[in-house]
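Let me begin by presenting the structure, written as structure tokens, before commenting on it.
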Amino acid sequence: MSATAFQDFPTHALMDITARPDVVFVEGEGSWLIDHAGKRYLDFVQGWAVNSLGHCPPVVIEALNAQARRLITPSPAYWNDQALSLAQMLATHSCFDQVFFCSTGAEANEGAIKLARKWGRQRRNGAYEIVTFDGAFHGRTIATMSASGKPGWDSMFAPQVAGFPKAVVNDIESVERLITDKTAAVMIEPVQGESGVVPANLEFLRALRALTRARECLFIVDEVQTGMGRTGTLFAYEHFARDPSDEPDIMTLGKGIGAGVPLAALCAKKSVALFEHGEQGGTYNGNPLMCVVGCAVMRALLERGFLKSVADKGRYLGTRLSVLTRELGLSHERGWGLLRALDLGADTAADVVGYCRDRLEKDPGWEGQGLLLNAPRQNLLRFMPALNVSSAEIDRMMDGLTIAIRAVCR
Ligand code: PLP
């Protein structure tokens, strides 16, 4: 069978919203993606930390096939068994009591913002502001862009939604200064993903929880990127919540919960789950075809030893990146679990990503193969492999990465 040439694909019909390389992906399996020409790529991007179990995992294929034959959607206006099962699993294995399902992380965060504003109106004299952070990324709807602290986003599509003053991560006084009687909540990513894997300190996160409790406002964690095992615990808040007084009031999930299908969740303690009928909804919320996948993902993560293996492999990847940093005189590596970044100490990240994807195949041992990495900053590479990535795959990625950095810096 002859492969289709890139030029033969009708690329003009898709909106040009990002710079895409001349590669069309047609298949995936585990840690590997295959393009239109049959070239194989070791994938350490995994749909931006989305494919928690790798490409096309058998448990997801089976769940989707079986559910598609049973029921695709009855409408969110009726109960369905898969949404009920998934909500129950999330409530059992987290500190939250109730869940609202939706399709994207931004939608889950919109829900969190609405819930905090409702809570502020009812319980805090009309408070509506939500303190968020410089560098934060909460999504691409107008409200979640306003909540984000991404440089330039305050003027893009202006005017913004009002009410999101920005504090500085790991600077508790910067938060203290912004909390007033208008504040309904503080919202934070335990590790800022899109801004380049910037973890908040555990002490800072505990201080933030204590501060929000003392000042009687809500504490929201955006775990769209860090949740569902990514950091080596089921949810990243488990790293800082030593007892119930440290627990957040609201958590949002996305990405990994759907293992590649559009599923996200807004989780809340009962005391703040204040929506009344008609205030929250959406055509696809709690769709059983997506929720059945969420159930399969939860079961996989809860299998004995799975989360420990994520933590172990995160440590292994971190150690290998640290050794490489010393060997090649790079800046440093950082991250939690299998959400890691390597600071190259120079603005060569895009060149390294390009080399790994397009030119590595000319190096010994990589014939016909490439490596997919992400560069969220000019000096930074981000690693977000499947949670079931093997140590051998990490070794192979390190081999390709080392070749590419050497070649680019030559
Ligand atoms: N929140 C965080 C922390 C994210 O990393 C992202 C996406 O990268 C989002 C929210 C938005 O999720 P989605 O793209 O599914 O709307």
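Order of appearance sets the numbers: ligands from 1, and atoms from 1 within every ligand.
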Ligand 1 polar-atom proximity to protein (N/O, under 3.5 Å):
| unit_1 | atom_1 | unit_2 | atom_2 | d |
| --- | --- | --- | --- | --- |
| ligand 1 | 1 (N) | Phe137 | O | 3.3 |
| ligand 1 | 1 (N) | Asp222 | OD1 | 3.2 |
| ligand 1 | 1 (N) | Asp222 | OD2 | 2.7 |
| ligand 1 | 5 (O) | Gln225 | NE2 | 2.8 |
| ligand 1 | 8 (O) | Lys255 | NZ | 3.1 |
| ligand 1 | 15 (O) | Gly105 | N | 2.8 |
| ligand 1 | 16 (O) | Gly105 | N | 3.4 |
| ligand 1 | 16 (O) | Ala106 | N | 2.8 |

Considering residues at least two apart in sequence or located in another chain, which fulfil the side-chain contact (heavy atoms from CB on, under 4.5 Å) criterion with Asp347? Gln378, Asn379

Minimum heavy-atom distance Phe219-Leu205, with the two atoms named: CZ-O, 4.2 Å

Over 12 foreign heavy atoms within 6.0 Å of CZ, Phe9: yes

Within 6.0 Å of CZ in Arg206, more than 12 heavy atoms from elsewhere: yes

Donor-acceptor contacts, no H, no angles, side chain residues 283-293, under 3.5 Å, sequence neighbours left out:
| unit_1 | atom_1 | unit_2 | atom_2 | d |
| --- | --- | --- | --- | --- |
| Asn285 | ND2 | Gly282 | O | 2.6 |
| Asn287 | OD1 | Leu289 | N | 2.8 |

Distance-only check: which donor-acceptor pairs under 3.5 Å involve side-chain atoms of residues 380-389, not counting sequence neighbours?
| unit_1 | atom_1 | unit_2 | atom_2 | d |
| --- | --- | --- | --- | --- |
| Arg382 | NE | Asn374 | OD1 | 2.9 |
| Arg382 | NH1 | Gly193 | O | 3.2 |
| Arg382 | NH1 | Glu194 | OE2 | 2.9 |
| Arg382 | NH1 | Gln225 | OE1 | 2.8 |
| Arg382 | NH2 | Glu194 | OE1 | 3.3 |
| Arg382 | NH2 | Glu194 | OE2 | 3.4 |
| Arg382 | NH2 | Asn374 | OD1 | 3.0 |
| Asn388 | ND2 | Leu53 | O | 3.1 |

